[in-house]
Asker: 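Have a look at this one.
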2 protein chains.
Amino acid sequence: MANSKLYKGSLNTIILKLLDEGGRMYGYEITQKVKEITKGELKITEGALYPALHKLEAEGLLVVEVAKVDNRLRKYYKLTEQGVKEKTNRLVELEDFIRNMEQLVNPKWTIN
Amino acid sequence: MANSKLYKGSLNTIILKLLDEGGRMYGYEITQKVKEITKGELKITEGALYPALHKLEAEGLLVVEVAKVDNRLRKYYKLTEQGVKEKTNRLVELEDFIRNMEQLVNPKWTIN
DNA sequence: TCTTATGCATAAGAAAATTATGTATATTTA
DNA sequence: TAAATATACATAATTTTCTTATGCATAAGA
């Protein structure tokens, strides 16, 4: 995914959130959107993305809809009802994670 | 490490930062410190911590110093000069990561 | 005395990524 | 127009990092 190992584990959260915003997106579109938003700092690799999409679909969080545009295949994914709920959970987890990491590396106050 | 997969990849950064603050710490102490700072939300497992410490030592980022306290063994770790540099790098990566994630899940502004 | 806390360690397995491929069409550039 | 790049999907082998399950040993508390 990136030069930094920190992104490990965050791909699903990113996918769910982008699909929540975008309504429906296809794989390649997701890679481009992420690159755009992070100004090229985060590049989702295909080897990570496609298996992740398949897994989320198998878990019932996404549904796929195949389309043909300009004679090329596209698989549009969108959140299921369950996917929307899971997205919310993941975002809460992300907020908790960030808060804890901030606290660990840049403690605002200390007891001792 | 935690209920959330997001922490994957962040252990080394946490270790380096805590050692930078604490001067020198031993493994068990690190687990307790992390638990304390995150109010029990993040628990470093021994199966993750000890191999990580050994690896950081093998990479030359840490040095170990064995001590015996109350007839029990302790292995104090501290940053090497290289470890201090690496700590700085990791913290920059962490800041970038957090900034990118914030931007992805909670974009402040959009172009379109 | 039994449980919990302290303190280290490793091995087997799972999860999630990287890296390397593979296929195919469309568009841009030299 | 030929070659390179962009678009669009996919999977397999390997690596990294963690969880889970052990194991050993001493100290302290119930």
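Letters A, B, ... are given to chains in the order of the sequence lines, protein chains preceding strands, and every chain is numbered from 1.
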Asker: For Tyr7(A) together with Phe97(B), are the ring centres under 6.0 Å from each other?
Answerer: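 Ring centres of Tyr7(A) and Phe97(B) closer than 6.0 Å.
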Asker: Separation of Glu65(B) atom CD from dC8(C) atom P, in whole Å?
Answerer: 13 Å
Asker: Would you mind telling me which residue lines up with the more 5' stretch of DNA chain D, Asp70(B) or Gln32(A), judged by nearest nucleotide?
Answerer: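 The answer here is Gln32(A).
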Asker: Could you tell me if the side chain of Val84(B) sits less than 4.5 Å from the side chain of Glu81(B), heavy atoms only?
Answerer: no
Asker: If we ignore hydrogens and angles and just use 3.5 Å, is the side chain of Thr38(B) paired with the main-chain N or O of Asn100(A) as donor and acceptor?
Answerer: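 Side chain of Thr38(B) to backbone of Asn100(A): no pair is present.
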Asker: Can you tell me how far P of dT20(D) sits from CD1 of Ile44(B), to the nearest Å?
Answerer: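 Computing the Ile44(B):CD1 to dT20(D):P distance gives 14 Å.
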Asker: Report which part of the nucleic acid Gly47(A) touches: base, sugar-phosphate, or nothing (heavy-atom distance under 4.0 Å, all strands).
Answerer: base
Asker: Ignoring backbone atoms, test whether Arg72(B) places a side-chain nitrogen or oxygen under 4.0 Å from the OP1 or OP2 oxygen of dT26(D).
Answerer: no
Asker: Between P on dA16(C) and CG on Leu6(B), what's the gap in Å once rounded to a whole number?
Answerer: 11 Å
Asker: Rounded to the nearest Å, what distance is computed from the CG atom of residue Leu53(B) to the C1' atom of nucleotide dT17(D)?
Answerer: 14 Å
Asker: Just how far, in rounded Å, is P of dA10(D) from CD1 of Ile30(A)?
Answerer: 11 Å
Asker: If I take atom NZ in residue Lys43(B) and atom P in nucleotide dC18(D), what distance separates them, rounded to the nearest angstrom?
Answerer: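 After rounding, the reported distance stands at 18 Å.
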Asker: Between dG7(C), dT11(D), dA9(C), which nucleotide gets closest to the side-chain atoms of His54(A)?
Answerer: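 Given the options dG7(C), dT11(D), dA9(C), the side chain of His54(A) is closest to dT11(D).
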Asker: OP1 or OP2 of dA27(D) versus the side-chain N and O atoms of Asn71(B): is any pair under 4.0 Å?
Answerer: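 Yes.
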Asker: Looking at side-chain heavy atoms only, is the closest gap between Val34(B) and Lys43(B) below 4.5 Å?
Answerer: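 SC-SC contact between Val34(B) and Lys43(B) ruled out.
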Asker: Round to a whole Å and report the spacing from NZ of Lys35(A) to C1' of dA8(D).
Answerer: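 From Lys35(A) NZ to dA8(D) C1': 13 Å.
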Asker: Counting only Watson-Crick or G-U wobble pairs whose two distances fall under 3.5 Å, which nucleotide matches dT28(C)?
Answerer: dA3(D)
Asker: I want to verify a distance call: between dT26(D), dA17(C), dT25(C), whose nearest atom is closest to the Leu11(A) side chain?
Answerer: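 It is dA17(C).
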Asker: For a quick test of reading the model: is some side-chain N or O of Lys68(A) closer than 4.0 Å to OP1 or OP2 of dT25(C)?
Answerer: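 Lys68(A) to dT25(C) OP1/OP2: no side-chain N or O under 4.0 Å.
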Asker: Does Glu46(B) reach a base, just sugar-phosphate, or nothing at all? Heavy atoms under 4.0 Å.
Answerer: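 If one applies the 4.0 Å heavy-atom cut-off, Glu46(B) turns out to touch a base.
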Asker: On the nucleotide dC9(D), are OP1 or OP2 found under 4.0 Å from the side-chain N or O atoms that Tyr50(A) carries?
Answerer: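 Tyr50(A) to dC9(D) OP1/OP2: side-chain N or O found under 4.0 Å.
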Asker: Please pick, from dA15(C), dA10(D), dT16(D), the nucleotide with the shortest atom-to-atom distance to any side-chain atom of Lys8(A).
Answerer: dT16(D)
Asker: What I want to find out is whether Arg99(B) reaches Glu95(B) closely enough, with some N-O distance under 4.0 Å, to be called a salt bridge.
Answerer: no
Asker: Ignoring backbone atoms, test whether Tyr26(A) places a side-chain nitrogen or oxygen under 4.0 Å from the OP1 or OP2 oxygen of dA8(D).
Answerer: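 Checking Tyr26(A) against dA8(D): at least one side-chain N or O falls below 4.0 Å of OP1 or OP2.
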Asker: Can you tell me if Lys55(B) touches the phosphate of dT17(D), counting only side-chain N or O atoms and a distance under 4.0 Å to OP1 or OP2?
Answerer: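 Checking Lys55(B) against dT17(D): at least one side-chain N or O falls below 4.0 Å of OP1 or OP2.
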Asker: Send over the distance from Leu56(B) CG to dC18(D) P, rounded to a whole Å.
Answerer: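 These atoms are roughly 10 Å apart.
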Asker: Closest nucleotide of DNA chain C for Tyr77(B) versus for Leu49(A): which of these residues is on the 5' side?
Answerer: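 Nearest nucleotide further toward 5': that of Tyr77(B).
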Asker: Strictly below 4.0 Å: does Lys5(A) bring a side-chain N or O up to OP1 or OP2 of dT17(D)?
Answerer: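 Affirmative; the distance criterion is met.
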Asker: So, the side chain of Glu29(A) versus the backbone of Tyr26(A): is there a donor-acceptor pair under 3.5 Å, distance only?
Answerer: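 Confirmed, Glu29(A) side chain pairs with Tyr26(A) backbone.
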Asker: When you measure from the side chain of Ala48(B), which nucleotide among dC9(D), dC18(D), dA27(D) comes out closest?
Answerer: dC18(D)
